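Heads up, the thing below is written out as structure tokens.
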Amino acid sequence: MPAAVHVRELTADDLDAAWELGRFAFGSDSQRPASTSTAVPGLTRYGAFDDASRLVGKAVDLHHDQWWTGRAVPAADVAGVAVAPEARGRGVARAMLTALLRGAHERGAAISALYPTVAAPYRAFGWEAAGVLRTVDLATALLPRHQPAAHLTVRAGTPADLPAVAALYERVSRHRNGMLTRRGELFDFFAADRGLPGDGLTLVEAADDLVGYAIWQRGRGYGADSVLTVDEALATTADAARELVGVLGSWASVAPTLRLCPLDGDAVSTHLPLESARDHERDLWMHRPVDVARAVSARGWPAHANGTVDVTLADPLADWNTGTWRLTVADGAAELSRISGEADLRLDVRGFALLYTGAARARSVAQAGLLHHAAGVDPSALDLLGAGGPAQLLDYF
């Protein structure tokens, strides 16, 4: 392939070629989802073209928001990155992701997450591994059973209950870090005219208040290899969690295996026998800032976190992030302001991602070679950037 690569947003005329490129890259079946052949609100599709105007790469910017300590932070989550085999290793992905980051910056995005097929190329572009979406298998018979609580009602849900389900998800997720808000045009588009999201929806209510739900897929058969897949199970009280776990455990005679993605430390997970869990799947996810100043100012911060630290940041793909900054955190808010000179702490953008997501502390980032400091300078001052606890994702995209 000639060296010249031109990157632009895809048009309707490009979607057939983009679908074929993605189908070969990801080994998809030949049945094409309708959303791949039409304009979809809430996302931007990018394509890389060679000098003969052939599509040789594609990537999608998903216009998500992520919760960070009670505040929704605009994100450019990346999906569907594919490069034609003849064009690999020739700078196509770098050109696409540079354009994607610039476009995301211009539309106001602050941060970005993605699920990589391989991490090394994305590390070269400034993303860093920050967590794992873990799917586990449990023996259904090991789930604890209990006496039903008299003050709670357990019933099957209907499509009319989905707004209440969405509201409960938000109650659980908004004070965590990294979770998608599931708001906006993209989610509205895919939710339109949708029925139940699974085979079943189990609700737990206290009076008229929804306090727990489980969305599940029954699967096939009832033998030793039968699996009940729980797409999501969340609760806002311990009693509601026990009710949900009891309902799921009742499937033991016909579905010996329960499969789900546990949410660390939530009400439901604290009632599961996770010591016996076996990993079914592990999906690494990576993070990076799109705009470091927005990433800091847009999120919520713990009220107890206070301090100031100066840092010089290097970001080879997003030059607007490069420079020396002063981080000031106080009273549940923070600001990153430009200052002159070179700071004693010099941070790579990948190190910023590790600290911001709470995936590592400053001393570990320094040991990884992503944070450098002058002799006698304590790098742990930058732990301030990670105040608020580790991030977690519950959605795969």
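For reference, positions follow the sequence shown, starting with 1. This one's a predicted model, so the numbers in the text were calculated from it and none came from an experiment. Any value given below was found using the heavy atoms of this structure, including those in side chains, with hydrogens, waters and symmetry copies removed.
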I'd like to know if the side chain of Thr140 reaches the main chain of Ala255, judged simply by a donor and an acceptor atom lying under 3.5 Å from each other, with no hydrogens or angles considered. yes
Once ring-ring contact (aromatic ring centres under 6.0 Å, His included) is applied, do any residues pair with Tyr396, and if so which ones, sequence neighbours excluded? Tyr115
Residue pair Arg346, Asp310: steps toward the salt bridge (Lys or Arg N to Asp or Glu O under 4.0 Å) verdict: CA-CA 9 Å; Arg346 301 180 306 281; Asp310 295 344; over 6 Å; no
For Arg361, I'd like to know if atom CZ has over 12 heavy atoms of other residues, nucleotides or ligands within 6.0 Å. no
Tell me every residue that passes ring-ring contact (aromatic ring centres under 6.0 Å, His included) with His64, counting only those two or more places apart in sequence or in another chain. Phe187, Phe397
Please determine if Glu9 and Arg45 form a salt bridge, counting it only when a charged side-chain N lies under 4.0 Å from a carboxylate O. no
With a 4.0 Å cut-off on N to O distance, would you call Asp61 and Arg107 a salt bridge? yes
When you compare the side chain of Leu263 with that of Leu234, does any pair of heavy atoms fall below 4.5 Å? yes
Pair Arg182 + Glu232: basic N to acidic O under 4.0 Å: yes
Side chains of Arg174 and Arg176 in contact at under 4.5 Å (non-hydrogen atoms): no
Interatomic spacing from CG in Leu203 to CZ in Arg155 - rounded to 0.5 Å: 5.0 Å
Hey, what else clusters with Tyr222 if you join Ile, Leu, Val, Met, Phe, Trp, Tyr whenever side-chain heavy atoms sit under 4.5 Å? Val136, Leu138, Leu143, Leu152, Val154, Val204, Val211, Trp216, Leu228, Val230, Leu244, Val245, Val247, Leu248, Trp251, Val254, Leu258, Leu260, Val268, Leu272, Leu274
Mind checking whether Val365 and Leu385 sit in one hydrophobic cluster, side chains of I, L, V, M, F, W, Y counted as touching below 4.5 Å? yes
Trp320: which residues meet the ring-ring contact (aromatic ring centres under 6.0 Å, His included) condition with it, sequence neighbours left out? His105
Inspect the surroundings of CZ in Arg338 and state if more than 12 heavy atoms from other residues, nucleotides or ligands are less than 6.0 Å away. yes
Hey, is Asp16 close enough to Arg32 for a salt bridge, meaning N to O under 4.0 Å? yes
Does Arg218 use its side chain to pair, donor to acceptor, with the backbone of Gly221 at less than 3.5 Å? yes
Test item: Trp301 side-chain N/O and Val296 main-chain N/O as donor-acceptor pair under 3.5 Å: yes
Please name all residues satisfying ring-ring contact (aromatic ring centres under 6.0 Å, His included) with Tyr122, sequence neighbours left out, ordered by chain then number. none
Looking at Glu128 and Arg123, is there a salt bridge between them, counting it only when a charged N and a carboxylate O are closer than 4.0 Å? yes
Is there a donor in the side chain of Thr69 and an acceptor in the side chain of Asn177, or the other way round, less than 3.5 Å apart? yes
Find out whether Asp378 and His373 are in side-chain contact, i.e. whether some heavy atom of one side chain is under 4.5 Å from a heavy atom of the other. no
Pairing of Arg71 and Asp65 as salt bridge, 4.0 angstrom limit: no
Please report the interatomic distance CD(Gln66) to CG(Asp77), rounded to the nearest 0.5 Å. 5.0 Å
Check whether Leu100 and Leu62 end up in the same hydrophobic cluster, where Ile, Leu, Val, Met, Phe, Trp and Tyr are linked by side-chain heavy atoms less than 4.5 Å apart. no
Hydrophobic cluster partners of Leu55 (side-chain heavy atoms under 4.5 Å): Leu10, Leu21, Phe49
Any ion pair linking Glu170 and Arg183 (charged N to carboxylate O, less than 4.0 Å)? yes
